[in-house]
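Count residues from 1 along the sequence.
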Amino acid sequence: MEKLCAGPRVTKEARSKKMHQELSNMDSLPREIALDILSRLPITSLIQIKWVCRSWRSLAQDPLLATMHLSRMNDNDPGLILHCDLPLQNHLYSLHLSAPDIVTRLREPMISEFAIVGSCNGLLCLWHSLYKDKCYIYNPFTRDFKELPRPEQFQTQTRVAMGFGFHPGTKEYKVVRIVYYRNEDEASSFQVRRYLPESNVQVLTLGSGRSTWRSKGKTCYQILGSGRPYQSNVLLNGRLHWLTCRHRHQSLRLLVSFDLADEQFQEVPNPDGMFGRRCSHLAILRGYLSAIVQGFRRLSIWVMKEYGVKESWVKEFNIGDHLPRHMDLNQEQFIYIPEYPINCSQARVLCLLKNGEILLEYKRRSLFSCDLKSGAFKELVGGGLPESFSTIVHIGSLKLIN
């Protein structure tokens with residue numbers, strides 16, 4: 001049998017010569033064009049190019065590249081950070097929706113147990129689950145890491161709500177910490193239980209000469225705490241948004257915002273009776289503030305079309321009577337089995353994809369997309385996911401912590 005010709009063998013010297021030629025071509029380009037080309041690469045590739053040569057390392061460290069890359073990524077489907085909160089040691093994983101079958105383990109900072117307060121412009125704010133006064137800023141791709149100063153503590157502290165965000169007007173990153181505590185001066189334990197806890201709002205500005213926690217006084221709102229990060233807060237236009245707790249003095253949940261510029265709370269109007277007791281969490285969909293109202297057999301998504309205008313709330317999406325339970329392995333889409341409904345209250349809306357589908361996390365162990373036209377579900381990731389996780393929508397960036 002005649003052998004097929006495999007062609008000339010590429011030697012190590014030839015490969016090296018070709019690589020040097022490509023580097024030379026890149027170096028000959030104007031810096032602005034080179035940065036524009038590199039800004040189109042995924043974050044994992046950008047992290048690696050700084051090891052190629054000195055000139056590429058200089059490009060990778062240019063602040064303009066970080067800005068250009070982040071701007072491009074905002075126009076695409078976001079990435080996801082999966083937080084696996086195992087006892088004694090937490091893990092982080094990443095996946096990008098352009099390649100959902102690839103789940104990558106990230107290197108965590110030297111913190112045993114933590115909660116993720118929020119994600120903003122490629123930075124994560126982490127809160128130590130054991131030492132409640134420790135807070136960190138972390139870029140999971142560049143591994144840039146900073147421990148923040150410790151805030152004032154309260155001996156009778158009952159819970160903490162936190163938020164992390166950036167204001168486009170002031171160009172400042174801020175961490176907000178709301179501490180609820182019992183007043184030690186109360187006359188008796190009966191009085192302590194009778195009244196709502198005291199509160200203290202603390203704010204820290206990153207990247208300034210005054211990187212210390214500042215007290216903003218009390219708040220009258222009982223905000224959901226950061227023990228459940230996915231219910232903690234969402235950021236829109238420089239404002240952090242929370243849902244309030246239900247208690248005997250306030251049976252319905254409120255939607256409140258905290259402006260990172262003037263550092264003031266404000267109640268956000270919502271349709272009468274919309275939130276009630278079933279509004280479980282918030283999301284940002286297509287740049288609009290959205291509220292998810294859950295029932296056992298249905299999940300409704302309300303969208304605020306004009307920020308701050310009560311009448312602009314519309315019920316824009318309804319997600320089926322049942323979530324999928326079984327999947328035909330020979331088909332792309334899930335098969336509905338109505339006689340075995342899944343509790344919709346265990347589903348969480350993450351984001352709206354560019355193709356118009358809704359991305360959902362279910363029971364902290366699976367990811368689905370829902371086609372709103374056909375009502376069909378399909379699994380986003382076939383394998384490689386940790387056994388249990390919470391999902392954070394995250395855009396990877398080269399952003400450094402000042």
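Under the 4.5 Å side-chain criterion, counting only non-hydrogen atoms from C-beta, Leu95 is in contact with Leu367. Within the 4.5 Å cutoff, the side chain of Arg72 has no heavy atoms near those of the Leu41 side chain. Looking at Tyr173 and His167, their side chains never come closer than 4.5 Å, going by heavy atoms from C-beta outward. Proximity of Asp62 to Arg31: side-chain heavy atoms (C-beta onward) are separated by under 4.5 Å at one or more points. The closest side-chain heavy-atom distance from Leu289 to Val234 is below 4.5 Å. A heavy-atom distance below 4.5 Å is not found between the side chains of Leu65 and Gln61. In this structure, the side chains of Phe166 and Leu123 stay at 4.5 Å or more apart for every pair of heavy atoms. Using a 4.5 Å heavy-atom cutoff, the side chains of Pro140 and Ser94 are not in contact.
Nearest heavy-atom pair across Pro197 and Tyr181 is CB-O, 3.4 Å. The two residues Ala261 and Thr170 have their closest heavy-atom pair at CB-CG2, 4.1 Å. Nearest heavy-atom pair across Glu357 and Asp371 is CG-CA, 3.9 Å. Lys399 approaches Asn121 most closely through the heavy-atom pair CB-O, 3.6 Å. For the residue pair Thr244 and Arg253, the shortest heavy atom distance occurs at O-CG, 3.1 Å. For the residue pair Tyr180 and Tyr221, the shortest heavy atom distance occurs at OH-O, 2.5 Å.
Here the side chain of Asn233 pairs a donor or acceptor atom with the backbone of Met162 at under 3.5 angstrom. A donor-acceptor pair under 3.5 Å links the side-chain atoms of Asp77 to the main chain of Lys354, judged by distance alone. Not one N or O on the side chain of Glu316 forms a donor-acceptor pair closer than 3.5 Å with the backbone of Val303. Between the side chain of Asn139 and the main chain of Ser397, a donor-acceptor pair closer than 3.5 Å is present. Using modelled atom types, no side-chain atom of Ser312 and backbone atom of Gly308 make a donor-acceptor pair closer than 3.5 Å. Side chain of Trp56 to main chain of Gln48: no donor-acceptor pair is present (N/O by atom type, distance under 3.5 Å, no hydrogens or angles).
Atom OG1 of Thr391 and atom OH of Tyr93 lie 13.0 Å apart (nearest 0.5 Å). Between the CG atom of Leu352 and the CG atom of Leu359 there is a distance of 9.5 Å, given to the nearest 0.5 Å. The line from CD1 of Ile137 to CG of Leu148 is 5.0 Å long, rounded to the nearest 0.5 Å. Expressed to the nearest 0.5 Å, how far NE2 of His91 lies from CZ of Phe389 amounts to 14.5 Å. Atom OH of Tyr138 and atom CD of Glu147 lie 14.5 Å apart (nearest 0.5 Å). Ile292 contributes atom CD1, which lies 6.5 Å from atom OG of Ser280 (distance to the nearest 0.5 angstrom).
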For a side chain to side chain contact (heavy atoms under 4.5 Å, CB included) check, start with the C-alpha distance between Val268 and Val256, then their side-chain angles and the critical distance, and finish with the verdict. CA-CA 5 Å; Val268 180; Val256 297; 6.0 Å; no

Evaluate Ile301 against Ile319 for side chain to side chain contact (heavy atoms under 4.5 Å, CB included), listing each step before the verdict. CA-CA 8 Å; Ile301 302 176; Ile319 297 183; 4.3 Å; yes

Worked check of side chain to side chain contact (heavy atoms under 4.5 Å, CB included) between Leu398 and Ile43: CA-CA 8 Å; Leu398 297 171; Ile43 184 63; 3.8 Å; yes

Could you give me the CA-CA distance, side-chain angles and deciding distance for Arg348 and Ser390, then say whether side chain to side chain donor-acceptor pair (under 3.5 Å) is met? CA-CA 10 Å; Arg348 183 165 66 92; Ser390 58; 5.6 Å; no

Would you sort out whether Leu282 and Leu255 count as a side chain to side chain contact (heavy atoms under 4.5 Å, CB included), showing the intermediate values? CA-CA 9 Å; Leu282 304 172; Leu255 174 56; 3.5 Å; yes

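Ring geometry, Phe141 versus His394: the interplanar angle falls under 30°, so the pair is classed parallel (tilted spans 30 to 60°). Ring geometry for Phe258 against Trp242 counts as perpendicular: the plane angle is over 60°, on a 0 to 90° scale with 30° as the lower cut. Ring geometry, Phe114 versus His83: the interplanar angle falls under 30°, so the pair is classed parallel (tilted spans 30 to 60°).
Taking Phe317 as the reference, nothing meets the ring pair (Phe, Tyr, Trp, His ring centres under 6.0 Å) condition, with sequence neighbours excluded. In this structure, Arg57 has no side-chain hydrogen bond (donor to acceptor under 3.5 Å, both in side chains) partners at least two apart in sequence or on a different chain.
Residue Lys305 places its NZ atom among more than 12 non-hydrogen atoms of other residues, nucleotides or ligands, all under 6.0 Å distant. Remark: Gln266 CD is loosely packed, at most 12 non-hydrogen atoms of other residues, nucleotides or ligands lying under 6.0 Å away.
Taking a cutoff of 4.0 Å between a charged side-chain nitrogen and a carboxylate oxygen, Lys174 and Asp259 do not qualify as a salt bridge.
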